[in-house]
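Worksheet for the structure shown next.
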Amino acid sequence: MRIEITCQDRVGIAQQVLAVFVEREINIRGIDAQTESGQIFIHTPDLDFSQLQDFMPQLRLIDGVVDVKTNSYMPSERERNVLDTIVRTLPDPLILIDVKGNVYGLNQVAKHKIGLERSEIVNAPVSNWIKGFNITRFLEGDEILAQTRKIKFQEEDFVADILPVTVPSENKQKILAGAILMLKSEARLGQQIIAFKHPKTGDFSGIQASSSGMRKVIREARKMAVIESSILIVGETGVGKELLARSCHSASDRNEHPFLVLNCASMPDSACESELFGKQVNGQLKKGIFELADGGTIFLDEVAEMSPKLQSKLLRVLEDSSFRRVDEEEEVKVNIRVISATSKDLLSLVEQGEFREDLYYRLNVLGLTIPALRDRRQDIAPLAQTFMNKAANINQKHSVNFDKDCLDFIESYPWPGNVRQLENVILRAVSLLDDETLKVAHLQLPTYTSDQGYLEQEFSGTLDDAVKGFEANLLRKLYPAYPSTRQLAKKLGLSHTAIANKLREYNINKKTVKI
């Protein structure tokens, strides 16, 4: 328990306060005093309510005590925990040294780089591992100033910020207490320079584009971002359609206004309508995202799932920049840009009468197609490394790396779930990793070989079961594109009767498979 006592600046008041604790035999674990604000903080074991009722009034009776209350933490605890958090999570090596040049503290990154137990490092001369700078001469100098030097740390080049640590004396002179060494590798400096050259947080720098296919997409997206027209982004699930849409918004003149998202496949038609256009709820206006995003951008994900009714309403907004709230007649004018996305072939849906042709051309004024991850192999390793670094930071494992076989496997795997699957697999693997090297065995993925492809799950059962499973999956995938049994039979080189029997056996029809 922490007790905060606010009092006047009076000689002997602290002694009287402490005497109350001594009289009641309450153990004191720590004391903080802030003379500027007139506060004394006392850390004690937890006290029950009856004890607090008994002695807190007695503290208030002391001459000069203004207020007494409990607190959640001591000021020194907060400062210590803030510093501990900074030191622990800093991605660069950090070493603390005393006035003799011996190590008295270091973070996990520095410890791993040295490769010894903490007990073997603390109290040892930092010169055991730092070369190229005379720490002792620095600490014994007449005027000790912060410096930046190139040094060798464990035989590797680093840039070191060397910062003296001082404490004030009674006569307000500074007394040297040691120094802090903050080290940055060439790779880390490179990352910071790149970040400095790309100060705009919302541009396309967050999208990995090493492959020619993705570089082409980014080139086109940069040009489209500044054009005030609708954009349709096409790509498989998990390729990063929303990330590209956000980048287009951030690179546009609308970037200071909202970017709002609606997944058209995630909610019923009525809920989707109220989310888009707003409605009155218990006499209170609940604005839809068209109003909330006024001046900005709306991202409609899986727009192919939008019902015919909502397609008509959306078309009107795109044509007139106006709409009516649910169950209202008043027109609302808005200034928004629509970026939509789909994993389906919208033009085929238009031909089948499932999607409005006029809406399709309104949405697809500018079009972008993101290739699947398996078609952009050059992006896989950089993406994997990015996700590795992200997962390592989350789990405070700053020295995790791939072994060569693991990276080769990752680059050759087909990634049916695309970038999202890659990120999730690496995050899980790093989270459960016991050492610092990620191997193929740590990746939880469906079985895959370059010769046979991948299986959705580990195989079990008979060969007949496997053949039927494959047959049923293939027919379900082909049926939406060939809903006529004669067309499907021609595609697969079978008789009409054979295909009809198989569709009946696997219960594949227009009711069970969405076309």
Side-chain angles (χ1 to χ4, degrees), residues 1-92 94-99 103-111 118 122 146 161 163-180 182 282 284 286 393-398 431:
M1 174 174 288
R2 287 79 170 167
I3 298 171
E4 178 185 338
I5 303 165
T6 305
C7 54
Q8 298 170 358
D9 186 7
R10 177 173 67 78
V11 175
I13 194 169
Q15 185 177 358
Q16 287 181 269
V17 166
L18 293 176
V20 175
F21 288 85
V22 173
E23 179 186 339
R24 299 183 180 278
E25 297 183 345
I26 297 172
N27 185 35
I28 295 176
R29 293 177 173 173
I31 302 174
D32 283 354
Q34 295 187 343
T35 55
E36 298 86 356
S37 57
Q39 290 170 305
I40 300 173
F41 295 83
I42 299 178
H43 184 188
T44 72
D46 287 344
L47 306 175
D48 59 38
F49 184 70
S50 61
Q51 287 177 294
L52 288 173
Q53 268 191 321
D54 183 35
F55 89 96
M56 287 184 79
Q58 189 173 350
L59 289 171
R60 293 190 180 96
L61 290 174
I62 297 173
D63 183 29
V65 170
V66 178
D67 189 25
V68 181
K69 60 184 178 182
T70 59
N71 204 330
S72 301
Y73 48 81
M74 304 279 279
S76 59
E77 288 179 308
R78 178 178 59 188
E79 292 171 9
R80 185 171 60 252
N81 286 331
V82 167
L83 291 173
D84 286 347
T85 300
I86 293 171
V87 170
R88 187 177 65 253
T89 59
L90 194 70
D92 303 305
L94 183 75
I95 303 175
L96 314 176
I97 59 174
D98 60 22
V99 290
V103 177
Y104 75 85
L106 71 168
N107 67 357
Q108 189 65 23
V109 182
K111 173 184 172 295
R118 187 175 296 270
V122 173
D161 288 329
L163 311 173
V165 176
T166 60
V167 295
S169 65
E170 288 299 324
N171 58 8
K172 296 185 179 179
Q173 289 185 341
K174 293 180 178 179
I175 300 173
L176 183 68
I180 299 174
M182 300 178 64
N282 299 324
Q284 297 289 324
K286 181 182 180 297
N393 283 332
I394 291 172
N395 291 278
Q396 298 179 16
K397 300 176 180 178
H398 299 298
S431 300

Any idea which heavy atoms bring [X] and [Y] closest together, and the distance?
X: P45; Y: M1; result: O-CB, 3.9 Å
X: D63; Y: R10; result: O-NH2, 2.7 Å
X: L163; Y: A146; result: CD2-CB, 3.8 Å
X: C7; Y: V65; result: CB-CA, 4.0 Å

Side chains of [X] and [Y]: does their closest heavy-atom pair fall under 4.5 Å?
X: L18; Y: I40; answer: no
X: F21; Y: I31; answer: no
X: V17; Y: L59; answer: yes
X: L94; Y: V109; answer: no
X: I42; Y: I26; answer: no

Distance, nearest 0.5 Å, that separates [atom1] of [X] from [atom2] of [Y]:
X: I95; Y: Y104; atom1: CD1; atom2: OH; value: 12.0 Å
X: M56; Y: L61; atom1: CE; atom2: CG; value: 12.5 Å
X: E4; Y: M74; atom1: CD; atom2: CE; value: 10.5 Å
X: I62; Y: Q8; atom1: CD1; atom2: CD; value: 12.5 Å
X: D32; Y: H43; atom1: CG; atom2: NE2; value: 10.5 Å

Under 3.5 Å: donor-acceptor pair, side chain of [X], backbone of [Y]:
X: N107; Y: D92; value: yes
X: R118; Y: L106; value: yes
X: R60; Y: V68; value: yes
X: D98; Y: G178; value: no

TODO: Report, as yes or no, whether the 6.0 Å neighbourhood of atom NZ on K286 holds more than 12 heavy atoms from other residues, nucleotides or ligands.
DONE: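 Above 12, so yes.
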- [ ] Apply side-chain hydrogen bond (donor to acceptor under 3.5 Å, both in side chains) to T44 and list each qualifying residue two or more places apart in sequence or on a separate chain.
- [x]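 Not a single residue meets the side-chain hydrogen bond (donor to acceptor under 3.5 Å, both in side chains) criterion with T44.
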